[in-house]
Protein chains: 2
Amino acid sequence: MAYTLHDIAALSGVSIATVSRVINGKPGVNTETREKIIRKIKELDYQVNFNAKSMKTRRTNTIGLITADITNPFYSEAAKTIEFQARKQNYTLIVGNTGNSMSEEQTIIRAFQQRQVDGFIFASSALRDSAVENLVNSPVPVLLYHRHLGGQCRHHFVGSDERKGIALALEHLSSLGHRRVAFISGSRKFSTGAERLRFFLELRRTYGIDETPHLIQEGGYEIAKTSRAVEQLMRLQHTPTAIFAANDFMALQVLHQVLELGYRVPEDISVMGYDDIPLASHNSIQLSTIDVQITHGAHLAVMNLINLIDGIASDTQPVRMLLEPKLVIRSSTAPPT
Amino acid sequence: MAYTLHDIAALSGVSIATVSRVINGKPGVNTETREKIIRKIKELDYQVNFNAKSMKTRRTNTIGLITADITNPFYSEAAKTIEFQARKQNYTLIVGNTGNSMSEEQTIIRAFQQRQVDGFIFASSALRDSAVENLVNSPVPVLLYHRHLGGQCRHHFVGSDERKGIALALEHLSSLGHRRVAFISGSRKFSTGAERLRFFLELRRTYGIDETPHLIQEGGYEIAKTSRAVEQLMRLQHTPTAIFAANDFMALQVLHQVLELGYRVPEDISVMGYDDIPLASHNSIQLSTIDVQITHGAHLAVMNLINLIDGIASDTQPVRMLLEPKLVIRSSTAPPT
DNA sequence: CTGTTAGCGCTTTCAT
DNA sequence: ATGAAAGCGCTAACAG
């Protein structure tokens, strides 16, 4: 059994109130008494019971992170930063993986509520996710990271400026001289997937990209879908000179498949990704992509959530931070020949 | 403010004790009363305050996972399974990343203790880690996963049979006809690194592997170290016909570097890894390796820890489970030419 | 079958 | 400067 305030108080010959005061650095304690108590605390290696404390303070100093899949390098990178920043501010992180299942998500939300988390970070929500929408309308602060809920629901969000990112990619490909640029979209159930497609369609004309419908394909999480998309594309009369995948995960698959088909990258065809997951920079891959500033965003997510918890940030004016994406040119893109 | 037992009790016209009984499925409540209460709970969407409950029950139903780096695919894979299995048993997971820093580790341990976690899983400990050793001797159950603390300290452990794994790899290379097999060891600060090297040295004779000292090189987490090792190896008069790296992370680097130097894999040189991280099976990599059963081990880790928490497993007889590793033959190994 | 009550370990008024 | 006491939301005797 661990020591309690009572133990420290009894052994120091004072009341628990006084011990509580010194633990919390409150004023109004005689210096000698304070030192005596501190000595005792050190001696016994006393540790506060945060749960008991929470009962009075209504603060658990824990934040709940809900992610679709921690195995996804994008999220594990974010989780690492979130955990670190949270800990620096004396918060601990509890995590849940939804595996993109709504029912799991709901279960996790409830479990976290029961644990009285001070705030939630979602790094996984789909567009129109009613569980999250309900939560957003509850009194506990919720911040969406990377993917948002769409227009209908007011919520706090830290993410990347997708329009800017698509523009950056198109500008790069266009300036290399590409006109027949294929696009493989991600799942449109997520804001990122939907927006990247939308902005591609919206911006391609500006950059002089060919508007042939066949150049747009739908990908997604299942490799098979991306695979089929690539097949379709490479079977076209006029094959694209560049393939732009809406995320690195798909881009990697594209890269592999195109190589398998005997094309050289980037000599015969350029491949462009999006996100800049760690693997993209791996020396045997070297994928050109858009860096969405994962860790920077994760850092801001924690900061903003804690401000919300502390009531520093106003809750009426939703947080909405869009980070500047950066173009990362590696060796999967080059001028068409 | 969320509802409490009092609210439900008042609104149902019963006492809090009765409500508590129905919530915990305790017998001795009139069916009608029970149903009335259940209705009220549903209607208000009442959720128990786990913290308050913990004060009485001395159980928080949370387990602390401490990992070196959640970004490492090995650990994120494990974390995913651990979170899932824990949740299935009504536990939540709180996580901490040490980044291999002892002081961070100590900080995390204390934070978790203050949160009254019911048990710890370490997936990151070094040999002779005094913080963990102390913790192991405290009353709260601690289970080491993947890496253990070495012989001096009795503790619960779930890992892989490293001797068997090395034997499997050597048998594979040997049966392909390799004799000049180089070995790049991992950091010996960890049980895995130390043991794999030890078993390689111990077993190579059995498999007819050349015992030239130059074939043993030291690698580690810094890419530069592995890089230098490969350079040394390929500068030898008799270059090895196969390079066996003590983990996939290094093997990937070896693969890249050897390819860069103009060798073909596996025609000119075979490369073998260890661990079978997800990336090893990536279609553009196809690394032959040893599968250490990450998820199976993670699953067992949770089960065993919970048994320990529940006092089902005896605490005097330490858990020590060594899973059977499996040989995974992909396309980075072939007979020497 | 149901209610009363005493804490779990802590913070925080309010007295002294 | 210090202590007594109430109470956070819950469980678990104990009484009735």
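The basis for the numbers below is simple: all heavy atoms, side chains too, and nothing from hydrogens, waters or symmetry mates.
Rounded to an integer number of Å, the gap from CG of A/L5 to P of C/dG7 is 17 Å. Going from atom NZ of A/K26 over to atom P of C/dC10 covers 14 Å, rounded to whole Å. Between the C1' atom of D/dC8 and the NZ atom of B/K56 lies a distance of 14 Å, rounded to the nearest Å. Atom CZ of A/R21 and atom C1' of C/dC14 are 11 Å apart (whole Å). Atoms CG (B/N24) and P (D/dC10) sit 10 Å apart, rounded to a whole Å. In this structure, A/I16 atom CD1 and C/dG7 atom P are separated by 14 Å, rounded to whole Å. If you take CD1 of A/I37 and C1' of D/dA1, they are 11 Å apart, rounded to a whole angstrom.
Residue B/Q116 comes nearest to A/F50 through the heavy atom pair OE1-N, 4.5 Å, listed as atom of the first residue, atom of the second, then distance. When all heavy atoms are compared, the tightest approach of B/G297 to B/V158 is O-CG1, 3.6 Å. When all heavy atoms of A/R115 and B/N51 are compared, the pair lying nearest together is O-ND2, 4.0 Å.
Residue B/I23 is out of contact with every strand shown, counting any heavy-atom pair closer than 4.0 Å. Contacts of A/T33 with the nucleic acid, taken as non-hydrogen atoms under 4.0 Å apart, involve only primed sugar atoms and P, OP1 or OP2. B/T4 comes within 4.0 angstrom of the backbone, heavy atoms only, and of no base.
The aromatic rings of B/F157 and B/H148 lie perpendicular to each other, with more than 60° between the two planes, well past the 30° mark.
Around the NZ atom of B/K36, the shell of radius 6.0 Å holds more than 12 heavy atoms that belong to other residues, nucleotides or ligands. In the displayed structure, A/Y221 atom OH is contacted under 6.0 Å by more than 12 heavy atoms of other residues, nucleotides or ligands. Taking a 6.0 Å sphere around CD of B/E32, one finds it holds 12 or fewer heavy atoms contributed by other residues, nucleotides or ligands.
OP1 or OP2 of C/dT11 has not a single side-chain nitrogen or oxygen of A/T57 nearer than 4.0 Å. Distances shown here put a side-chain N or O of B/S15 below 4.0 Å from the OP1 or OP2 atom of C/dG3.
A donor N or O paired with an acceptor N or O is not found under 3.5 Å between the base of D/dG9 and the side-chain atoms of A/R58.
Of all the residues in residues 40-53 of chain B, not one reaches under 4.0 Å from DNA chain C with any non-hydrogen atom. Taking a 4.0 Å limit (strictly below) on heavy-atom distances, residues 106-115 of chain B does not reach DNA chain C anywhere.
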(request) Check the pair B/L135 / B/Q113 against side-chain contact (heavy atoms from CB on, under 4.5 Å), numbers first and verdict last. (result) CA-CA 10 Å; B/L135 193 64; B/Q113 286 177 322; 3.3 Å; yes
